[in-house]
Amino acid sequence: MTLNPENILSVLVAPFTNPLMVLLIVGMIPALLRRLPGRHAWAVTAVFGPPIILWGTYHLICLNPTAAEWLSTLNNPIAGAFLVIVYPAMLIPEGRWRQVFLVIPVGFVLWFFVAIYRGYQTVPADESGFYWLLVSPSWLISGVMALLVILHEFMDLKWFRRTVRATCLLVLIYGGFALRQDFSDYRNMLDRRAEEKNVMTLQETSPVMEYPNKMIHLPSAPCRFSTDGGYVQGCNLELFQRLLHINMFDLGSGSLAAMNTLSAVLAALMIFVAFSFISARWCCGWLCPLSTIGDVLNWMRKRLGLPAMHPPAPVKTGFKISGLSLVGVTFLMAKATPHLGEDGRFAGCKIPIFPFCKVCPGQQVCPVAGGGLDEYPPLPGTEWAFGFFRYGMLAVLGLFVVSFMLSKRLWCRFCPMGMFSGLFNRGGMFALQKRAQKCDKCGVCAEVCPMDIETVRDEMKHPDVSSFDCVLCLRCVEKCPQTDCLRLEHNGITVTSSTCSPEHLTSEK
Amino acid sequence: MISVGIDIGSTTTKMVILDKEQGILAQKLVATGAVPGETADELFRTLLDSVSLTPEQIAIVATTGYGRHLVDIGDSVMTEIKACAAGVQYECMEAEPIRTIIDVGGQDTKVITLTGDGQIEDFSMNDKCAAGTGRFLEVLAQKLELSYDAFVEEALKSDTLLHMSSTCAVFAESEVVGLLARGEAKADVAAGAHDAIAGRIASMIRRTGGSSRFAFVGGGSLNGALLRAMEEHLNAEVTVPASPQLVVALGAAVVGAKKVEKRDASVSEGGG
Amino acid sequence: MKNEPQFDERYRLSPRHVDNPGVEKRSRAVLHQQQQHLDRLRNRPRNIAYFEHAVRGENISDAAPLVGYFCNMTPPELIRAAGGVPVRLGCGNAALVQTGEEVLAGDICPLAKASFACVVDERSIASRCDAFVLPTSCDAKTKLGEILEDYRPTFMIHLPPEQNHELFLKETVKSYQRLEAFLGGVTGRKVSRKALLHAVRQGREQAGLVRRLQEIRSECPGALSVQDLFLMIQAASSGVDMEEWCRECRNVITEIEGYSPERRRFRHRVVLTGAPAIWPNFKPLSLLEECGADVVADTLCSGTESCYDPVVIDETGHKSLLRALSLRYVFASPCPAFISQGKRLNRVINLVDEFTADAVINYSLRLCQLFDAETYRLSQVLKQRQIPFMNMRTDYSLEDIEQLRVRLEAFLETLEEI
């Protein structure tokens, strides 16, 4: 059996046929150019600029013959809304232009409510009872993002972060169950759930079935195993596992199914890489429902007045290594999936389909958070992993609870997915900057840091204080007692900076 | 245009009348006395009379020195540091620019460093005690039962290096008693005292960042032995202006004249 | 934590009675002179009398036990939380130095000597204190603590030599816990989490008010003299009720917010750094103002430094609050008691930038070796950055005031030429 080079080429090119991907890459160019000295930047633009424009135009005209179709592919709820609403809101500075821009999010919010109203119009007159939101995911995502952008104008950093996190928790854990295009979609879902609870098939899990080619994956842990798969189609580690599931022999023989899967997974991964470049570990700090749940537990610790544990540096490194080893072992197991026997065994061992998910607290927490203990996954492989009884993995759940109550964001120090995004903390578009001249080294930044990072406090020479572990939660920026000492930059533009104004201090009580 | 500079020091009051074209018209030094204001008033009147000028003909009266705030005849007040720098530059105009000015007065010692274009770069003064000032030498002269001039002459005669550690007027007395008891010559003790003071001033110059060329003004510069010791310590030639005690008053007159010119220029600009 | 004795009780001396009418007379004269200086100031806030009385210790309530303390490294919040009234002990009276010399050696800083004299002077606030708290910030304080132990129960806060290391943070928190135990013994009340949180919030409010004052003064330095500012700040640690102080301070703010100078005269803006200027020793402040410079910012521990930065509340557990106090009062401290001078240099350079100052003046108190020793680096670093700098080395006495005036005026003249 030989691999067909043509097939491989087409698989590799496939991700780039996604116009969204093209847009993201084009969007990354200025950030990349900024890192080069002036003369080189022009040279790079001259060399790569025209081909990229030609490439984009080629896609526009040849691959997607009509503009309408091209735009519909752009209709990816998260990335689209991000580009149109969030990105400009982040980069346009205070002033008249910002006010002009705010018309756009206000329009989206209005249309969001119109869409809800129209969704409920589809409920037949004879059907009564309570239904969740009946609104297309695109409108929900853009509506929520627009709402947050508007709210941001009236909130300080602390409350804005809380709002975003609560919203993301709701949408990512419960969204999948709640949101349906219209009444008939909702009915179908209810019927399906009545028949079987198997969420393992890709198409069944998500409300975004209407966009079969655009799998949405966030660099955070909205688990696909939660009720109806949550709002997104799982995390990136799941994607990696899917990549490993592909039987290379099928691929070599030109199996269409294998090719399609590979192409789709690669496309999703590419988007993930682009997303990580743009947002680094921001998703960890603000989106990830797992960390939000963890922070609720952490809040309980605070209320009890228990001090947080600050693991020393070697322990932190140990956490990282164990997180990565978990990935290594479980991914090797995933590689065996295509070769499983009839009884689901490989070399005498029973192998779960998604081995990493068996040790990931996301799978333990998200379904329970979404639908109570009933939802606790009776999933393939469960009985193997910690395999004594159905609730065997409650041990993992317990560990999760305890760990979050002992120390802030303990899991985030293991999380391999976060580590992957963390690669872009330096060199990505976000950069945490410090003006050493303003810094008293009081150590508040290190004290409030949920990841126990000391770089922000100790770095006095280099203005860029981003570090691999940073989840961009911006607590240091929020708490810093020196105005303009710490600031977050995106592509060189200041998004937010630390303030300690007299008004803020005197109006606390 | 005629400007007047008055330097009301702690022991003497000096006054210089400066004409822009003709240079110094008159200069005088008197003891300050108990009421600096009156002394300055009288000096002002008598000196003007001596060159038959009336107060109306004077464009500006600039005062400086410790009593600068105590007199009311002045139009412009400045510190002696600024005046001193201006005066020295006026006196030593021809040669290459002065970079460091040493001013040894009765109660204080100042070191002023200048930039290449004559701006004050930095300066330092002795702390509140009289160590390292002219007063120290006067006290030692008394102790050696010599007049001040004889004391200086003795010092110039000596060629033996005698190390004196104290520059404090009070403690030096006992040190001198010790030295004399050991049988040291008066001349050597006098030279040692000058050396100690010069060493102290030289270290002050180094701390202030002084560099060649040096000018030496104030009452201390009339002391030949001190001048010699200073030159030894600095390993450079030290220039002493023609009338080193009046240089501050002269500087005040120079700065005053500049101020008048500047004011006139801005008035004519504003008018035109 | 147990309240263990820190000193060897066997060698305790009996309190020394000091009766020196000459010194007393002169100390009253010093106070009177300083008061005259203040009275000569123009546009003072209407309610400044409140702060003047407070600084002289006339607004103290007798209800709560008074706890005298030294230095910024002692958090007044802890004393308040324990139910005590914090009174800052530093004294700047030139005449009292003589009394101090009877017990402390001649070459010890005048602040320690004058402060000791206050303790034995029956009319001062210090003598009414029920206990003393001192950090081991410098040699003078360390030994002064041992002497004060003869008079009242005294607690020494052990300070780490180095900042910014978890090890030292833990040490400081332990010291604060011991302080809590000590204060509990004095006031008979345990420091509760709630009381501590309340005190910290109050401190933050005070920081906010001081920040606002500085904001206004930065825009228009003539609105409030730096002497009045110091008076207000030092009044806050003279045993007054914090809420009352905040109220009066707010009144001042509303009053000076509307201030507009009749005619704008050019005055230099300077940053003052160095040793503390404590009432009634406002000599460096008044001298600067008289010579035509406005002190727009300072790093003096008796000035804005003591309450400009807030304690940052992150977690509200008892230990977390103690950690927060340690970060604010020990880790961020620019005091030369710690090994690195970087914080003060950084702070000074930043203040020059932030308050657009023309120059930096270093007040180096004679016999305070720590500040003296730091002067060289400070002057060199500022020279590198081309920030004009002058060192004002003096002590409490007024004899060198004319010399200093010449120096200051000449320094300000050189600024004009640039």
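Every chain is numbered from 1 and lettered A, B, ... according to where its sequence line falls, protein lines coming before strand lines. Just so it is clear, the values below take in all heavy atoms, side chains as well, and ignore hydrogens, waters and symmetry mates.
Around the CD atom of B/Glu42, the shell of radius 6.0 Å holds no more than 12 heavy atoms that belong to other residues, nucleotides or ligands. The number of heavy atoms from other shown groups lying within 6.0 Å of CD (C/Gln386) does not exceed 12. For CD of B/Glu38, the number of neighbouring non-hydrogen atoms (other residues, nucleotides, ligands) closer than 6.0 Å is 12 at most. C/Asp39 CG: more than 12 foreign heavy atoms inside a 6.0 Å radius. Other residues, nucleotides and ligands contribute at most 12 non-hydrogen atoms within 6.0 Å of the NZ atom of B/Lys28.
In terms of heavy-atom proximity, B/Tyr66 sits nearest to C/Gln403 at OH-CG, 3.3 Å.
The distance from the CD atom of C/Glu402 to the CG atom of B/Asp108 is 12.0 Å, given to the nearest 0.5 Å. In this structure, CD1 in B/Ile112 is found 11.0 Å from OG1 in C/Thr414, a value given to the nearest 0.5 Å. The structure places OG of B/Ser124 at 11.0 Å from CE of C/Met390, a figure rounded to the nearest 0.5 Å.
Neither the backbone nor the side chain of C/Tyr376 comes within less than 4.5 Å of any heavy atom of chain B. Neither the backbone nor the side chain of B/Arg207 comes within contact range of chain C; no heavy atom of the residue lies under 4.5 Å from a heavy atom of that chain.
A heavy-atom distance below 4.5 Å is found between the side chains of C/Arg405 and B/His69. Residues C/Glu413 and B/Ile120 fail the side-chain proximity criterion, which asks for heavy atoms closer than 4.5 Å.
Remark: the C/Glu409 side chain and the B/Thr79 side chain contain no N/O donor-acceptor pair separated by less than 3.5 Å.
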